[in-house]
Peer 1: 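Quick one: the structure is below, questions incoming.
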Protein chains: 4
Amino acid sequence: MRADARRNRDRIVQTALDLLAERGPGVSMEEIARAAGLGVGTLYRHFPDRRGLLEEIGMDVLHRLRAEVRSLVGRELPGWEVLNLLVGYCTGQPLALLKSLAEDTAEDGAGTCTVGARERIELQREVTGLLEEIAGRAQREGAVRGDITPGEVIELFSATVCRPGARPGDAMTRVMLDGLRA
Amino acid sequence: MRADARRNRDRIVQTALDLLAERGPGVSMEEIARAAGLGVGTLYRHFPDRRGLLEEIGMDVLHRLRAEVRSLVGRELPGWEVLNLLVGYCTGQPLALLKSLAEDTAEDGAGTCTVGARERIELQREVTGLLEEIAGRAQREGAVRGDITPGEVIELFSATVCRPGARPGDAMTRVMLDGLRA
Amino acid sequence: MRADARRNRDRIVQTALDLLAERGPGVSMEEIARAAGLGVGTLYRHFPDRRGLLEEIGMDVLHRLRAEVRSLVGRELPGWEVLNLLVGYCTGQPLALLKSLAEDTAEDGAGTCTVGARERIELQREVTGLLEEIAGRAQREGAVRGDITPGEVIELFSATVCRPGARPGDAMTRVMLDGLRA
Amino acid sequence: MRADARRNRDRIVQTALDLLAERGPGVSMEEIARAAGLGVGTLYRHFPDRRGLLEEIGMDVLHRLRAEVRSLVGRELPGWEVLNLLVGYCTGQPLALLKSLAEDTAEDGAGTCTVGARERIELQREVTGLLEEIAGRAQREGAVRGDITPGEVIELFSATVCRPGARPGDAMTRVMLDGLRA
DNA sequence: TATGAATGAGAATTCATTCAT
DNA sequence: AATGAATGAATTCTCATTCAT
């Protein structure tokens with residue numbers, strides 16, 4: 001891929017993320033293209049359609065999240081500490097998009113699932129798996145209560161840090177972390 | 001108001017609530033009308049426009065919530081118990097709609113706020129006030145931790161019970177309640 | 001026809017005329033009914049449809065015009081004087097409606113002409129005939145120039161006095177009358 | 001602006017003028033688009049909405065009228081002759097549209113006047129000013145009667161030549177011109 | 001009979017997507 | 001390859017007309 005094409009593609013993804021965060025899911029393709037300093041045509045050269053763009057953005061976010069999780073896991077810290085560090089990372093990321101993507105996909109029914117969606121779901125599952133491992137470890141270490149499943153721990157964790165406007169150390173994250181303690 | 005008109009109006013509100021819960025905010029006026037067994041025209045006889053319909057539905061939900069809160073407050077129970085009882089009520093109600101209404105209103109900017117929206121915001125504020133009183137009481141009773149404001153308690157509470165798919169006693173509500181304890 | 005039905009009918013015609021004059025051809029049936037203090041249902045009991053109502057209104061106006069013309073003709077005045085007296089009458093009447101009716105009818109093509117329209121056209125022709133007689137007499141008396149047909153005299157006359165906002169003695173009517181002189 | 005876009009825009013304006021003249025103000029956007037050999041979307045790319053399209057058409061007509069008036073004024077002819085030449089020009093133009101635009105604008109009330117409407121009114125005023133100058137000159141030259149204002153002369157002039165179906169030399173224009181003579 | 005609620009076809013408008021320049 | 005003009009299906013909303021109360 002040529003350098004300028006790559007640059008354009010990244011600009012689109014970034015701009016779309018910003019606009020989506022700022023103005024909700026109603027932003028039009030035209031607006032995204034314009035905000036990225038491009039024409040719609042160029043946008044469609046890079047992404048097959050709106051859904052495709054959203055999926056790719058989701059992939060982008062997930063890739064970065066996976067990288068972060070992997071690097072934290074590599075540092076061999078206690079699970080509880082990893083969860084706390086992840087709060088810091090996640091609250092700064094536009095993870096809310098992942099939720100709406102998941103909902104949109106669910107709506108369509110399992111059958112009509114795009115290739116792009118399948119890839120994302122795959123990746124999502126992988127990342128969730130990693131996170132659940134961390135949660136499980138934290139439970140085995142006695143830091144997190146044992147009366148809920150690791151999956152539920154992560155569900156909770158996501159609900160908290162993915163919520164729009166989440167900040168590390170705000171009331172909701174503090175209560176969530178305290179509530180998770182054994 | 002004629003009996004049949006009243007009945008239709010209620011059907012519309014109920015149907016719209018169901019569809020909105022089931023299929024997200026993208027449902028069209030036509031779909032709502034069809035699902036209610038009516039023509040679009042009838043929707044527009046009862047509600048000025050799409051926004052108006054949504055606002056009225058929000059009012060409907062809020063009125064019922066206020067009634068519930070008032071009745072609980074009237075029973076002079078400890079604040080903590082009221083909060084727990086409210087979990088049971090709220091998780092069965094389509095409160096998520098209130099959030100999306102609030103977001104939509106915010107988008108338009110303060111100036112362009114409709115009369116309907118203003119009323120709803122008013123009512124919302126009233127209900128929130130009642131809830132914060134309950135939270136405050138629970139804190140003074142020593143049941144809820146004191147390091148967060150009553151407003152934050154309620155914010156948390158809402159985030160948990162308004163989330164789509166919330167069930168009383170599920171992991172998220174349990175953790176939230178445990179995290180709130182003093 | 002019962003007295004109250006007659007009264008309702010007249011109210012509708014009068015109200016419709018007023019609204020049409022005041023707010024243009026965009027007034028809705030509902031508005032007309034409401035302004036007449038009735039429901040739409042009642043309106044449709046008296047008139048088959050919108051077009052029918054307009055035609056009837058046209059008939060109403062035409063009947064009164066014919067009566068006026070006949071009475072003036074009966075007074076055996078010189079043609080020129082009759083024309084001048086008619087200016088006074090016509091500028092106070094909502095004759096503009098007749099033009100728009102004529103245009104609407106023309107649009108539909110000759111074939112699709114309603115029974116109501118046919119009657120009105122008939123009556124219109126009769127009145128025009130009477131007026132042309134007057135014009136012809138005025139020409140024979142030497143008061144009106146002879147280089148245009150009586151039909152043209154009346155066309156002119158109508159264009160002037162039917163124009164919205166026409167007042168006897170205003171610039172346009174004076175110029176028209178002066179221009180018509182032999 | 002791209003050449004083809006320019007061409008399409010002009011086609012739209014021309015087609016709309018024709019349809020409006022032929023079928024009255026009820027023509028739909030879809031019809032205009034179809035008649036221009038385009039999709040509705042294209043109309044909306046070029047004009048913000050129906051009103052916007054009409055205003056632009058009005059501007060178009062007015063610009064051409066102003067150019068004509070200016071060129072006639074530049075030829076330093078007697079006022080009376082200019083008026084007569086203008087009859088020839090005006091009767092071939094769809095000036096009736098300007099009247100209906102003025103009425104539509106008036107209906108909305110002064111406050112809600114669009115930017116487009118304001119521009120048009122401005123231009124209309126300018127052209128009317130030019131025409132009144134010509135009328136005034138014709139009066140000073142002794143060709144036009146002095147007992148009416150230049151404004152009234154032009155009002156009359158417009159009423160005659162803007163009327164649908166006006167032809168130079170038809171009865172109405174001849175009478176108007178004769179009536180205006182001193 | 002009078003009323004006004006219900007209906008649905010039709011008009012304006014938006015926006016994802018395609019295609020000519 | 002980039003651009004933005006063109007497209008038309010989908011959506012909101014209106015209003016003449018019908019029909020239940």
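Within every chain, numbering begins at 1; the chains are lettered A, B, ... in the order of the sequence lines, protein sequences first and strands thereafter. What's counted below: heavy atoms across the whole structure, side chains too, no hydrogens, waters or symmetry copies. Only a predicted model underlies this, so the values are computations on that prediction, with no experimental measurement involved.
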Peer 1: Rounded to the nearest Å, what distance is computed from the CZ atom of residue A:R34 to the P atom of nucleotide F:dA5?
Peer 2: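 Spelled out: CZ on A:R34 to P on F:dA5 is 9 Å.
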
Peer 1: Pick the nucleotide of DNA chain F nearest each of B:G26 and C:G41; which residue has the one closer to the 5' end?
Peer 2: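 Its nearest nucleotide lies further toward 5', so the answer is B:G26.
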
Peer 1: State whether the side chain of B:R120 and the backbone N or O of B:E55 hold a donor-acceptor pair below 3.5 Å, judged by distance alone.
Peer 2: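 Here the side-chain-to-backbone pair does not exist.
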
Peer 1: Both distances below 3.5 Å, Watson-Crick or wobble geometry, any strand: find the nucleotide opposite E:dA20.
Peer 2: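 F:dT3 - that is the nucleotide pairing with E:dA20, both distances being under 3.5 Å.
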
Peer 1: For F:dC13, which nucleotide is its Watson-Crick or G-U wobble mate, given both distances must be under 3.5 Å?
Peer 2: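 Pairing partner, where one exists within any strand: E:dG10.
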
Peer 1: In whole angstrom, give the distance that lies between atom CZ of B:R6 and atom P of F:dT21.
Peer 2: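 About 18 Å, once rounded to whole Å.
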
Peer 1: How close or far is atom P of E:dC15 from atom OH of A:Y44, stated in whole angstroms?
Peer 2: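 That distance rounds to 12 Å.
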
Peer 1: Can you name the closest pair of heavy atoms from D:P25 and D:L20 and give their distance?
Peer 2: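 The answer is CA-CD1, 4.2 Å.
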
Peer 1: Nearest heavy-atom pair of B:A16 and B:I57: which atoms, and what distance?
Peer 2: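 Looks like CB-CD1, 3.3 Å.
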
Peer 1: Where the side chain of B:R2 is concerned, which of E:dT17, F:dA5, E:dG4 is the nearest nucleotide?
Peer 2: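 My answer, after comparing the listed nucleotides, is E:dG4.
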
Peer 1: Counting side-chain heavy atoms from CB outward, which of E:dA12, E:dT18, E:dA5 is closest to D:S28?
Peer 2: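 For the D:S28 side chain, the nearest candidate turns out to be E:dA12.
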
Peer 1: In terms of the nearest nucleotide of DNA chain E, which residue is placed more toward the 5' end: C:D4 or A:V27?
Peer 2: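 The 5'-side residue here is C:D4.
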
Peer 1: DNA chain E: B:E30 or D:P48, which has the more 5' nearest nucleotide?
Peer 2: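 The residue mapped nearer the 5' terminus is B:E30.
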
Peer 1: D:R7 CZ to E:dA20 P: how many Å, rounded?
Peer 2: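 So the two atoms are 14 Å apart, to the nearest Å.
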
Peer 1: Tell me: CG of A:L38 to P of F:dG4, nearest whole Å?
Peer 2: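 A:L38 atom CG is separated from F:dG4 atom P by 9 Å.
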
Peer 1: With the side chain of B:V40 defined as its heavy atoms from C-beta on, choose the nearest nucleotide among F:dG8, F:dC13, E:dT17.
Peer 2: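 Between F:dG8, F:dC13, E:dT17, the one nearest the side chain of B:V40 would be F:dC13.
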
Peer 1: Using whole Å, what does the distance between atom C1' of nucleotide F:dA9 and atom CZ of A:R50 come to?
Peer 2: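 Taking CZ of A:R50 and C1' of F:dA9, I get 16 Å after rounding.
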
Peer 1: With sugar-phosphate meaning primed atoms plus P, OP1 and OP2, does B:R45 contact a base, only sugar-phosphate, or nothing at under 4.0 Å between heavy atoms?
Peer 2: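 Counting heavy atoms under 4.0 Å across all strands, the contact made by B:R45 includes a base.
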
Peer 1: E:dA5, OP1 or OP2 - any side-chain N/O from B:T42 closer than 4.0 Å?
Peer 2: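 No.
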
Peer 1: Nearest whole Å is fine: how far is E:dG4 C1' from B:H46 NE2?
Peer 2: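 Whole-Å distance recorded here is 11 Å.
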
Peer 1: Kindly check if the number of other-residue, nucleotide or ligand heavy atoms within 6.0 Å of CD (D:E122) is above 12?
Peer 2: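 Not buried by this count: 12 neighbours or fewer within 6.0 Å.
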
Peer 1: Grab the CE-C1' distance between A:M29 and E:dT18 for me, whole Å please.
Peer 2: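 Rounded to whole Å, this separation is 12 Å.
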
Peer 1: Let's go through B:R2 and B:D4 carefully: what are the C-alpha distance in whole Å and the side-chain angles of both, what is the deciding distance for salt bridge (Lys or Arg N to Asp or Glu O under 4.0 Å) to 0.1 Å, and is it a yes or a no?
Peer 2: CA-CA 6 Å; B:R2 248 164 61 180; B:D4 57 343; 3.1 Å; yes

